[in-house]
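Just the heavy atoms: all of them, side chains too, but no hydrogens, waters or symmetry mates, feed the values below. By convention here, the first residue in the shown sequence is residue 1.
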Amino acid sequence: MTSLTLAYPDSTIHEATAATIIRVLEANDVEPEIVTGPKQALADLLRKHEIDIYVAAWLPEDDADLLSPGITQLGRLFRPEACCCISDENSPLASLSELAQAGPEISHVIITPQSLEKRMERVLAAYRLADAGFTLDVLPDEEALAKLNAALGSTPQNIMPLFQPCFLFHQGGLRILNDPEKALGQEQEATLLLREGLRDELETDLLDELDELMLSAKIISAMDYAMRVEGMSADEAAEAWQRGKLLPR
């Protein structure tokens, strides 16, 4: 096989992940055709065999609806996780269970990316934060990330719901709060999805390389930062990672 169709959702995190896969394919003389778009539209194309590889499903919770008979999983790229942070890495707060007792030094309006709304509703219920005066300000993901970025180091401190990986984790200044009630859900596994029959069509060496590719939330956060803040393309960020120039040794 010398060409295939690779798809990923419209986000810099998925674009960064896809860039690492594209470099593996190209190194094995496979030229990918790239398709991006809303996740559900890509899921429909995958089921219709119009996409060969989807990058990357977060399982078992977030992208379970992408699975259907015949679609196979390949690789364990990294482990995404929903986190609730505070915008001061030196904060004495260590756990979501302490928030209900927080005073005016903590903003009681929680800027929340839309993709984390349901999780944060569970957080408010599990830790009785609504009773303590906390509310959610739910915004489209990119708008929320811009506001959360601007809130770093500001007063009062802000509670910041984020998915890891994210450029804000590479940028620093955050403290992740413990979630003893597991209200934010379980850690996920990022994996490739192959259309029905593709596994049998690919060369064994390429399959093994894709299956063994090990990234991390730290790597993808650094790539996201390089793209968003330093102006790199996804391919440039992937090359910088491969050459050991993206993260300190």
Side-chain angles (χ1 to χ4, degrees), residues 1-39 41-59 62-63 66-67 70-80 163 165-167 170 188-249:
M1 177 174 287
T2 58
S3 65
L4 52 72
T5 302
L6 179 145
Y8 60 86
D10 286 325
S11 80
T12 53
I13 292 297
H14 284 90
E15 185 180 5
T17 309
T20 68
I21 304 302
I22 291 168
R23 293 183 73 81
V24 172
L25 295 175
E26 291 177 342
N28 285 270
D29 299 319
V30 176
E31 188 64 35
E33 178 185 344
I34 310 302
V35 177
T36 64
K39 188 182 294 185
L42 298 181
D44 291 340
L45 294 177
L46 183 64
R47 283 189 286 270
K48 294 175 183 177
H49 294 191
E50 295 178 27
I51 286 171
D52 295 305
I53 300 179
Y54 177 90
V55 184
W58 293 6
L59 300 171
D62 283 72
D63 291 329
L66 295 175
L67 300 176
I71 291 174
T72 58
Q73 302 172 39
L74 183 68
R76 295 180 174 182
L77 300 173
F78 59 92
R79 301 185 70 85
F163 247 118
C166 173
F167 75 102
H170 183 75
Q188 304 294 293
E189 189 89 63
T191 183
L192 304 178
L193 298 183
L194 310 185
R195 67 155 169 81
E196 184 176 4
L198 180 64
R199 190 174 191 127
D200 296 330
E201 299 171 21
L202 295 178
E203 296 288 339
T204 301
D205 288 348
L206 174 55
L207 275 173
D208 289 345
E209 194 168 347
L210 290 173
D211 192 34
E212 294 167 4
L213 180 62
M214 295 294 291
L215 304 171
S216 67
K218 186 175 182 179
I219 289 168
I220 300 300
S221 293
M223 290 180 66
D224 191 34
Y225 181 88
M227 294 161 63
R228 287 176 175 270
V229 179
E230 297 179 347
M232 289 189 192
S233 68
D235 183 61
E236 289 170 340
E239 181 178 7
W241 164 65
Q242 279 191 326
R243 294 180 179 275
K245 297 179 178 179
L246 200 62
L247 293 168
R249 293 186 181 277

Answer whether the closest heavy-atom distance between the side chains of [X] and [Y] falls below 4.5 Å.
X: Pro32; Y: Glu26; value: yes
X: Trp241; Y: Leu215; value: yes
X: Ile53; Y: Tyr8; value: no
X: Asp44; Y: Leu42; value: no
X: Asp29; Y: Thr2; value: no
X: Leu247; Y: His170; value: yes
X: Leu67; Y: Leu59; value: yes
X: Pro9; Y: Tyr54; value: yes

Check: [X] side chain, [Y] main-chain N or O, donor-acceptor pair, under 3.5 Å:
X: Glu15; Y: Thr12; answer: no
X: Thr36; Y: Asp10; answer: no
X: Gln188; Y: Asp62; answer: yes
X: Asp211; Y: Gly75; answer: yes
X: Thr191; Y: Arg76; answer: no

Which distance, rounded to the nearest 0.5 Å, do you find between the [atom1] of [X] and the [atom2] of [Y]?
X: Glu189; Y: Asp63; atom1: CD; atom2: CG; result: 12.5 Å
X: Ile21; Y: Glu209; atom1: CD1; atom2: CD; result: 9.5 Å
X: Leu207; Y: Glu201; atom1: CG; atom2: CD; result: 10.5 Å
X: Glu236; Y: Lys245; atom1: CD; atom2: NZ; result: 11.5 Å
X: Arg228; Y: Ile13; atom1: CZ; atom2: CD1; result: 7.0 Å

Which atoms form the tightest heavy-atom contact between Ala190 and Ala56, and what is the distance?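 What the structure gives for the nearest pair is CB-CB, 4.4 Å.
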Minimum heavy-atom separation for Ala226 and Leu246, please, with both atom names.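 Closest approach of Ala226 to Leu246, heavy atoms only: CB-CD1, 3.9 Å.
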Test log, rule side-chain contact (heavy atoms from CB on, under 4.5 Å), inputs Leu66 and Ile71: CA-CA 9 Å; Leu66 295 175; Ile71 291 174; over 6 Å; no
Compute whether any side-chain donor of one residue and acceptor of the other, for Thr17 and His14, lie under 3.5 angstrom apart.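 No donor-acceptor contact under 3.5 Å links the two side chains.
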Among side-chain atoms of Glu203 and Asn28, is any donor-acceptor pair under 3.5 angstrom?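 Looking only at side-chain atoms, Asn28 and Glu203 do not form any donor-acceptor pair under 3.5 Å.
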Should we say atom CZ of Arg79 is surrounded by more than 12 heavy atoms from elsewhere, each under 6.0 Å from it?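 Check passes, neighbour count above 12.
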Positive for side chain to side chain contact (heavy atoms under 4.5 Å, CB included) with Ile22, one of Asp235, Ile34, Val55: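 That would be Ile34.
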Taking side chain to side chain contact (heavy atoms under 4.5 Å, CB included) as the criterion, tell me which of Leu202, Leu198, Leu193, Leu194 meets it with Asp52.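 Of Leu202, Leu198, Leu193, Leu194, side chain to side chain contact (heavy atoms under 4.5 Å, CB included) with Asp52 is met by Leu198 alone.
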Between Val35 and Leu6, does the side-chain contact (heavy atoms from CB on, under 4.5 Å) criterion hold? Intermediate values first, please. CA-CA 6 Å; Val35 177; Leu6 179 145; over 6 Å; no
Stepwise side-chain contact (heavy atoms from CB on, under 4.5 Å) test for Arg199 and Leu74: CA-CA 9 Å; Arg199 190 174 191 127; Leu74 183 68; 3.7 Å; yes
